[in-house]
Number of protein chains: 6
Amino acid sequence: MPALTLLAGSSNGPLAAAIAEAVGTPLGACLTQQFPDGERHVELLESVRDHDVFMIQPTSPPVAEHLLELLFLADACRRAGAGRLTAVIPYYGYARQDRRAAGRESIGARVIADVIAACAIGRVVVTDLHTPASEAFFSVPVEHVSAVKLLARALGNVPDDAVVVAPDFGAVRLAEQYSHLLDRPMASVHKMRLGPESVEVRQLVGDVRGRTPIIVDDMVSTGHTVAASVRALLGAGCAPDITVVVSHGLFVGEIERVLGGLPISRIVTTDTVAQRSDLLLPITVASVAPLLAEVIKHLHRSESLSDVLAHR
Amino acid sequence: MPALTLLAGSSNGPLAAAIAEAVGTPLGACLTQQFPDGERHVELLESVRDHDVFMIQPTSPPVAEHLLELLFLADACRRAGAGRLTAVIPYYGYARQDRRAAGRESIGARVIADVIAACAIGRVVVTDLHTPASEAFFSVPVEHVSAVKLLARALGNVPDDAVVVAPDFGAVRLAEQYSHLLDRPMASVHKMRLGPESVEVRQLVGDVRGRTPIIVDDMVSTGHTVAASVRALLGAGCAPDITVVVSHGLFVGEIERVLGGLPISRIVTTDTVAQRSDLLLPITVASVAPLLAEVIKHLHRSESLSDVLAHR
Amino acid sequence: MPALTLLAGSSNGPLAAAIAEAVGTPLGACLTQQFPDGERHVELLESVRDHDVFMIQPTSPPVAEHLLELLFLADACRRAGAGRLTAVIPYYGYARQDRRAAGRESIGARVIADVIAACAIGRVVVTDLHTPASEAFFSVPVEHVSAVKLLARALGNVPDDAVVVAPDFGAVRLAEQYSHLLDRPMASVHKMRLGPESVEVRQLVGDVRGRTPIIVDDMVSTGHTVAASVRALLGAGCAPDITVVVSHGLFVGEIERVLGGLPISRIVTTDTVAQRSDLLLPITVASVAPLLAEVIKHLHRSESLSDVLAHR
Amino acid sequence: MPALTLLAGSSNGPLAAAIAEAVGTPLGACLTQQFPDGERHVELLESVRDHDVFMIQPTSPPVAEHLLELLFLADACRRAGAGRLTAVIPYYGYARQDRRAAGRESIGARVIADVIAACAIGRVVVTDLHTPASEAFFSVPVEHVSAVKLLARALGNVPDDAVVVAPDFGAVRLAEQYSHLLDRPMASVHKMRLGPESVEVRQLVGDVRGRTPIIVDDMVSTGHTVAASVRALLGAGCAPDITVVVSHGLFVGEIERVLGGLPISRIVTTDTVAQRSDLLLPITVASVAPLLAEVIKHLHRSESLSDVLAHR
Amino acid sequence: MPALTLLAGSSNGPLAAAIAEAVGTPLGACLTQQFPDGERHVELLESVRDHDVFMIQPTSPPVAEHLLELLFLADACRRAGAGRLTAVIPYYGYARQDRRAAGRESIGARVIADVIAACAIGRVVVTDLHTPASEAFFSVPVEHVSAVKLLARALGNVPDDAVVVAPDFGAVRLAEQYSHLLDRPMASVHKMRLGPESVEVRQLVGDVRGRTPIIVDDMVSTGHTVAASVRALLGAGCAPDITVVVSHGLFVGEIERVLGGLPISRIVTTDTVAQRSDLLLPITVASVAPLLAEVIKHLHRSESLSDVLAHR
Amino acid sequence: MPALTLLAGSSNGPLAAAIAEAVGTPLGACLTQQFPDGERHVELLESVRDHDVFMIQPTSPPVAEHLLELLFLADACRRAGAGRLTAVIPYYGYARQDRRAAGRESIGARVIADVIAACAIGRVVVTDLHTPASEAFFSVPVEHVSAVKLLARALGNVPDDAVVVAPDFGAVRLAEQYSHLLDRPMASVHKMRLGPESVEVRQLVGDVRGRTPIIVDDMVSTGHTVAASVRALLGAGCAPDITVVVSHGLFVGEIERVLGGLPISRIVTTDTVAQRSDLLLPITVASVAPLLAEVIKHLHRSESLSDVLAHR
């Protein structure tokens, strides 16, 4: 069995440290400098020759910087004679750019997959991709780890009158999963535009009157989608006690203002993105570190992931 | 401008002929033989040197046979010095295998994309892919042509009390499109499993009581999903006058028996798959040939597709 | 040494079972379903992570179906983290399409090699390729296993007056091998066309008068080539007691009728193609399973194949 | 001749505008949005189908952002059916990471070349690469345009007692060029480390006493190398009237402080990097826009570049 | 239509000149120097930007030198912005290494194909490959031009009692072609080894007694195979007036001594390999230049090759 | 740990033998024949299945022959099922063709890198590349081993008045290294051309009067550059006792005449190129075999090279 090396880029130090601790292997020594002109320089300070290397680097914002750092790590490993390279990317930036919606666009998620492949990364571990089909943007194996059970457990007891709500059609599949795990019915919110000039409205599909909503999504960014859903739910007479569950909590822009005055009692998320501690929001974080550590240990030992993924 | 050559594989002769007529260019002479052991032999009977070649071949069942014939056509063209090769695949077989659902599966839609790419096909035209994100399984450009407007027009006048119904979560996005185009509300049906041992049931999300359902999906195969949705809709009190609209009508297995006794008044579909004329079902076919012919003409003349795709 | 996994596609169950028994390893659990529309779904039911996987799948008719199933097996293995993938393809479909004979044809054998390579198969084992040079259609290593010695042994005692006959120029090299192994002279039959409009005739090169012919070829399909050779041999006064030896016995079409009335006393072949038991022909089958099992065992143990291939 | 489209990323708007004006073709309409989480979205607002597209985007700081934007532009073009894609990258970020100096490093300039190649860019135009050999990091054609003659002309009359000075060994080749063009002798400064623990000193090779130095380099970033050379030159008795000539003027960090008190009378550079107008340094900018416009016009018209490159 | 450029490497100047004359286009100016250490340097002296370039370079001995020169030509063209690159390789060195015969060998003909492909050569023109199937070692299109009709015509009137003879099994297919074109019967010579320790003997298959042999092969190198066949034919009582016809006349080693005392009245070959004028052998050379010139003109004009290849 | 196999091509037998002895593993049995037409045939006489194979083959003149032999060795290994292939190329032919200097040239060093990569060589070991950046012409890992320390030690005691001299700008970096290791100042010689028609002259930069020059370069070929530098140094009044130190000693052409009458007391080099014993020049050879043997042993054992490369 080749030696195991864990390396961390700079995008989520606490998560990398927690994974390393759970794996029981210290993070490999590796120096990333940034020069005054912003260029980065990556140097590995210990041998990785023929090692089984896992590079932990969510490509959270600033995505381009974190991505390039990951590519440089991979290049340094490859040129230093590393064995298999696995990129552990718990949050996959640009995952939402998964198809051409409006015409002459780029498909960012495929571009990212291509440049990762161009740097000899032989395996990728991701968590709750925005679109499951984008696993197949890669020709290398992708281990798609779900944090849904973890988050469902973190919710604790759920009221009998709860209803799982998908805030847009992209979250409907996820809502099906939570609806099944929590044994509660589901509803969904859909954006409709009334004529080419008129404003966008939300159509609510399903029965939420008097029920306690649990809004589920793969990620929250500025909070606008959640806020619009909350308003649609309130308009339909839901109970004013709303829970939000998302795998990836970006919390960017003016999210405190956006979600501020709404009856959201809890936002449950994970640490795939490094979390700020200063946000004035009722955030609960369930760490994916133990789960990802199990995945890494099993992959390193050439063991099946079925049990890990089924029970977590 | 290089010369234009249209070639047709054997999977949908009528469609290819209709496209050729609409383009105004006869199909290129090309001989496909099948030997007694089932092997096919492809030979082009006219020069394609430096031509702009479009190969029309939906990969409908038997998918593997039609796919291999397409690859052989492409190889024959390439070795005969053809210019750009475009595969026009109105129905893309294996499109539903777009991710790993249960564990150690293959992702058929990516395998197909890979073997197509391995045969120097430089561009692909498809119609209503099961999963839009699978466009990005290709690194070559994919023109994703939608038949939704065509089908919406083919529906004619829609009752005021109609409701657009997605028969499973994969059709929710499509239902949003039809809901918008037809200006009618939507509902959706979701499969739920009650405990690991118990049977699967259908949860209906949205209000259908007394309404006239229009079930929309990208394809119908054996009809079982449609039949289950119809039963769920009837159970919820919908009007017993149901329309089904699908881009791709495979109609395999015992579909006449499956859909036979149900109050389905109309099934509207296209000719991306060669249609049998003997089915005892109320099928209306709207041809995609004019649309695909426009796409081919514009591509050949290096013209923008925006207008074609916006107005059709 | 990584764990060994043998997988079998559906094209030749008895051969796969015999190989597995000879290797001493049960076939890996793997589920191939076929849906009503003919699409196949492959799922591995046990872990192959970092295993040394051998997939046994002759691409006998229906070639396209068996080929695609092989590609799906490979894709499932790759995405499940398998180690080295070896495709054991005892009968290689489309092997005869090895060059462009008439002009704008495809080269089927290269297309197949390309799509196999596109699916990350790292090594291929074949038996008696129609054209030995087509080994080099692959960039991955090809172990080309010959069944000629096995078949020569299966012939038992050969009459002193026997003559080895190549039924067309493509079999001349093979006839040289049998001529040497059996220590008997050789002859060959050649197709000639008398003018562009006239019929094809057979020219017999070599002396067969009064001799007992052993017609050798890599494969028999419909039997027409064999039948024409038999007629040419009889016309030249050979003994009316003819043996046919072929590595691959496809026996398709109306072969019973084609070979029926001819003085063929024996057809010796192998089980690279699954044999039907109901044919009214004097067929003797020598199994390649022990030979292929030795090859697999040696490859898995990183051992030289020289001895295996020299003595079998 | 296919239509010409010029596209500009956001890294150097004034240069792109000047090139477009000199070419006589307006910049193609193209929308780059940046979302609150920092992700960019690229959309082309006009057709590029089969066009000859030149994308103008120096990868100046922030390099990763500008690089990814370039890749997205290329992907959008490719998927929109563009013809040949040429990336015009007057300043090539990470050009200095051209080899492994210290051991387990990445080679940034090759990583960038690889990701550019992974996005189907078929030709690259660069200006004064840090290391000329890095042209060959690309397999696609690279037009390496030199701004040296342009800068030499911008210097105007050079004193008879001038001496061309390379501030480190990497600039010696450039100094040879300027020495030849200006017909003045050359000198060079070399970093030496006196023992493993001691400080770095500068060794001056060549005669500068009483002469007027012209320090030449491919780029200036923080100014520290220039400042150290100036001190070494002054220590060797040069005239206190120093000119600095660099192709790429990054001017980052505290460059005003670093170069502030030194007797530098002129800094001559180009606009390959967008120049700030607020720097308190005696900067003269010679635009490369006319030169790059000529290059683009010749490339588009399939004309030889020899004359353009020889006379500019 | 892009401009046409013909370039010649140094392996067969007279052929290149004759082709250029027949095409009606002078050879492009191109300088190949060889330094004292044997390294070559290739420089194109005129623009090839977007030209349709044909590089004429048979890879005759010294094969490695001529091959590398071809690769350098191709690289110079590619980096200079050439359009399509076609390598015209009338004699393809290492063509006989087309499979692994003895075990752990390389397959030279595939290695050559791979390195040609690695240098962006997009099309190859060859003449009478040793093994037709090796066309498919390339993924790029190969135009396989036959000199057989040309040579058959060069034979003039053939005696009524002539017999076409294949000197080994590899030439049997060629003998079939000549037998058909000349309307004469055929025979073949086969090497046999009598036991592992004993010498190799020649078995003659077919009737040659009193007949005038025409030995046909794709190439002659040292003449040993021809000489052995002549002896076998004489031993079987053929007429002592033998003609030899080969596409490629290498005439290396002591061929004058090897063939010297034998009753060979004529050796008919082509100029695919530059011919020495000093050989004391009855050599007649039929030039392939007009044929290859037609091929080049048709390829350049995007015209079908069918007529050219059928009538020449 | 996989088995280790060392293979040697024919370019430098003594070096390969010395490396094998230092590694403690005999060279693998391998037969390279050369046929009368100059084609080579490579056959491995022992199994390399899954072995860790190192092929020792400097690509010294004749470069093309030695390169092709290396590619054939690699192909034979790959097809025979070898594990990782490492090419040990102590002298890398065509290393000086590392960029386009004059326009439409090829970049030989990249072409060589490409063809090496095309033959599945997974790692390369080189010694003192002419341009360090050309390491990155490869995408596979390159271990760049320096012989500078070895050569500096071989110089023994160096006079106090010594001066390290770079004979052209390409050697300046090397001169910096020797200047530091030997603790002596440096100077450099630069070629200047006085006007387009006039002759080339040498400009000497730095102070050499009365000093003892040590001319350092990566290689010496015909000796002309060294001779010109010597003349420039003598003209500047250096001591007439000159040492030349080069990593690679090609010594081709009339080098004895070129360097003959000059006051060169010692030429120190290595055995990366097989040395002739008959040269009338004061050559001292320091073998790189122990160093390369250590590198091979460490690579085979998956050990870090830092210590090896730091102390040698």
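Below, each value reflects all heavy atoms present in this structure, side chains not excepted, and no hydrogens, waters or symmetry copies. Residue numbers start from 1 in every chain, and the chains themselves are labelled A, B, ... in the order their sequence lines are given, proteins ahead of strands.
Among A:His66, A:Arg110, A:Glu43, the residue with the largest count of heavy-atom pairs under 4.5 Å with chain D is A:Glu43. The greatest number of non-hydrogen atom pairs below 4.5 Å with chain D, out of A:Val63, A:Thr222, A:Ile107, A:Leu71, is found for A:Ile107. Interface check for chain A: of the options D:Val111, D:Asp114, D:Leu250, the most heavy-atom pairs under 4.5 Å are formed by D:Val111. Interface check for chain D: of the options A:Phe72, A:Tyr94, A:Phe251, the most heavy-atom pairs under 4.5 Å are formed by A:Tyr94. For the options D:Gly38, D:Gly93, D:Ala76, heavy-atom pairs under 4.5 Å to chain A are most numerous at D:Ala76.
Only the side chain of A:Arg100 comes within less than 4.5 Å of a heavy atom of chain D; its backbone N, CA, C and O stay farther away. Contacts between D:Ser60 and chain A at a heavy-atom distance below 4.5 Å are absent for every atom of the residue. For A:Ile116, no part lies near chain D; criterion is any non-hydrogen pair under 4.5 Å. There is no contact between D:Leu31 and chain A, counting heavy-atom distances below 4.5 Å. Both the backbone and the side chain of D:Leu44 come within less than 4.5 Å of a heavy atom in chain A. Neither the backbone nor the side chain of D:Leu73 comes within less than 4.5 Å of any heavy atom of chain A. In this structure, chain A has heavy atoms under 4.5 Å from both the backbone and the side chain of D:His41. If you measure heavy-atom distances from A:Gln97 to chain D, the contacts under 4.5 Å come from the side chain alone.
A side-chain contact (heavy atoms from CB on, under 4.5 Å) with A:Met55 holds for exactly one of A:Thr5, A:Ile89, A:Ile121; it is A:Ile121.
Aromatic ring centroids of D:Phe137 and D:Tyr92 lie 6.0 Å or more apart.
Side-chain atoms of D:His248 and D:Thr272 include a donor-acceptor pair closer than 3.5 Å. Checking A:Glu69 against A:Gln57 by side-chain atom types alone, a donor-acceptor pair falls below 3.5 Å. A:Ser106 and D:Asp75 are not linked by any side-chain donor-acceptor pair at a separation below 3.5 angstrom, with hydrogens and angles left out of the test.
Contact of the A:Val288 side chain with the A:Asp271 side chain is registered, since non-hydrogen atoms from C-beta on lie closer than 4.5 Å. Looking only at side-chain heavy atoms (C-beta outward), D:Ser221 and D:Arg96 come within less than 4.5 Å of each other.
Contact record, A:Ala274 with A:Asn12: N-ND2, 3.1 Å, taken as the closest heavy-atom pair.
Between the side chain of D:Ser134 and the main chain of D:Asp98, no donor-acceptor pair closer than 3.5 Å is present.
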